[in-house]
Amino acid sequence: MDSAMDWHRARALLEWQVELGATDAVGDTPVNRYEVAATLKTEVAKPGVAAGPVRGPTTPRVDAVAEARSSAESANSLEALRTAMDAFPHCELKRGARQLVFSDGMPGARLMIVGEAPGREEDLQGKPFVGRAGQLLDRMFAAIGLSRGAAQVVDAVYIANVLPWRPPRNRDPEAEEIAMMLPFLERHIALAQPEILVAVGNISCQALLGRRGITRLRGGWAEAFGKPVMPMFHPAYLLRKPAAKREAWADLLEVNARLKGRT
Ligand code: URA
């Protein structure tokens, strides 16, 4: 910091910039994060190195998936799970995100929607699916009488993501990040106790079903963690390809029929 600028002046300047709408801090010298990421990947790919942040030679290796499993299993309520996830140190995505995005809607709802990862709006607001894709998601489920703000459990949905932190530049989460956060998702589902899961998009299908290829998977019931899963197109895809809304509507009707006991 410029020596002529004390802490209070620096803070006032920062607050002024935030008021003007600045949302991201940019350094004086550009950083090529793709190169940084490539270096990290080479390090992690070395045999015998467990998933997790790259550490110095003297730091003990960590099995991040095992730590995630033990942390998730010891959470006995959704609030405890949120706290455990917030304290989990091994996922690199946490460093770049503003906050943990845990869930929205009503725990105990019959239907739980599992999305991919927060985007910019979700990272700012701390809730899943609050951007444009989220508004479309809300309209889709409203069409079958369900909403995240419903007062009654029968009309409610519960929403969470595979990853609770926004990936940089909204890139696809890596397999290692998904594997590391999967025990938390499994526990999240067990604690929220939905009857049916809806997996929106490929990342969610990969996490829940171990398969990608949403165009082939959508519309057919599958199973994950002992629950029926309906894979559906992601609403962000539907915004780009409105013609696919016809299939999404068919899938919603199928979900509705199952909830009403007609299939
Ligand atoms: N897309 C997702 O998959 N999840 C969100 O929370 C927002 C956008």
Side-chain angles (χ1 to χ4, degrees), residues 23-24 78 81-82 85-86 88 91-94 96-107 109 111-142 146-149 156-182 184-186 188-189 192 194 196-215 217-218 222 224 229-242 244-245 247-248 251-252 255:
T23 54
D24 295 285
L78 288 168
L81 186 69
R82 179 202 285 264
M85 287 167 76
D86 213 9
F88 185 70
C91 185
E92 284 294 319
L93 296 178
K94 185 179 182 181
R98 281 186 173 77
Q99 57 184 319
L100 176 97
V101 174
F102 185 67
S103 71
D104 199 14
M106 188 184 284
L111 184 81
M112 177 168 173
I113 302 166
V114 180
E116 301 184 349
R120 185 173 177 279
E121 275 308 309
E122 291 76 20
D123 183 49
L124 285 168
Q125 296 188 37
K127 284 186 185 173
F129 282 107
V130 288
R132 275 186 70 221
Q135 286 157 19
L136 176 57
L137 188 81
D138 285 345
R139 290 199 297 278
M140 286 162 63
F141 282 88
L146 301 176
S147 83
R148 63 173 102 192
V157 293
Y158 185 67
I159 311 175
N161 281 314
V162 174
L163 276 311
W165 294 290
R166 180 193 182 190
R169 297 172 188 227
N170 297 340
R171 66 155 169 78
D172 274 358
E174 300 191 353
E176 183 186 67
E177 292 160 348
I178 296 175
M180 201 184 289
M181 298 312 290
L182 194 58
F184 290 110
L185 179 63
E186 179 174 6
H188 202 153
I189 293 167
I196 291 176
L197 297 168
V198 168
V200 291
N202 261 322
I203 303 296
S204 178
C205 288
Q206 183 182 335
L208 288 173
L209 309 174
R211 279 180 290 162
R212 291 178 83 121
I214 190 65
T215 311
L217 290 171
R218 61 140 287 275
V229 183
M230 173 56 73
M232 285 184 60
F233 284 135
H234 195 285
Y237 174 77
L238 296 175
L239 287 173
R240 293 194 303 276
K241 275 223 154 185
K245 285 182 184 167
E247 282 102 331
D251 301 345
L252 280 172
V255 167

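As the structure lists them, so they are numbered: ligands from 1, and atoms in each ligand from 1. Every value quoted in this text rests on a predicted model; they were computed, and no experiment measured them.
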Atom 4 (N) of ligand 1: which protein heavy atom is closest, and how many Å away? Asn161 OD1, 2.9 Å

Could you tell me the residue and atom name of the protein heavy atom closest to atom 5 (C) of ligand 1, and the distance to it rounded to 0.1 Å? Ala117 O, 3.4 Å

Do [X] and [Y] come close enough that some side-chain heavy atom pair is under 4.5 Å?
X      : Y      : answer
Ile203 : Arg212 : yes
Glu177 : Asp172 : no
Met140 : Leu252 : yes

Side chain, backbone, both or neither: which part of Pro128 comes within less than 4.0 Å of ligand 1 when only heavy atoms are counted? both

For Pro231 and Leu209 the tightest heavy-atom approach is CG-CD1, 4.0 Å

Please report whether ligand 1 has a polar contact with Glu122, defined as an N or O pair separated by less than 3.5 Å (distance criterion only). no

Do any nitrogen or oxygen atoms of Phe129 come within less than 3.5 Å of a nitrogen or oxygen of ligand 1? yes

Who pairs with Tyr158 by ring pair (Phe, Tyr, Trp, His ring centres under 6.0 Å), at least two apart in sequence or on another chain? His188

With sequence neighbours excluded, give me every salt bridge (Lys or Arg N to Asp or Glu O under 4.0 Å) pair touching residues 130-141. Asp138-Arg148

Which of the numbered atoms in ligand 1 are below 4.0 angstrom from a heavy atom of Gly115? 3 (O)

Can His234 be said to touch ligand 1, with heavy atoms closer than 4.0 Å? yes

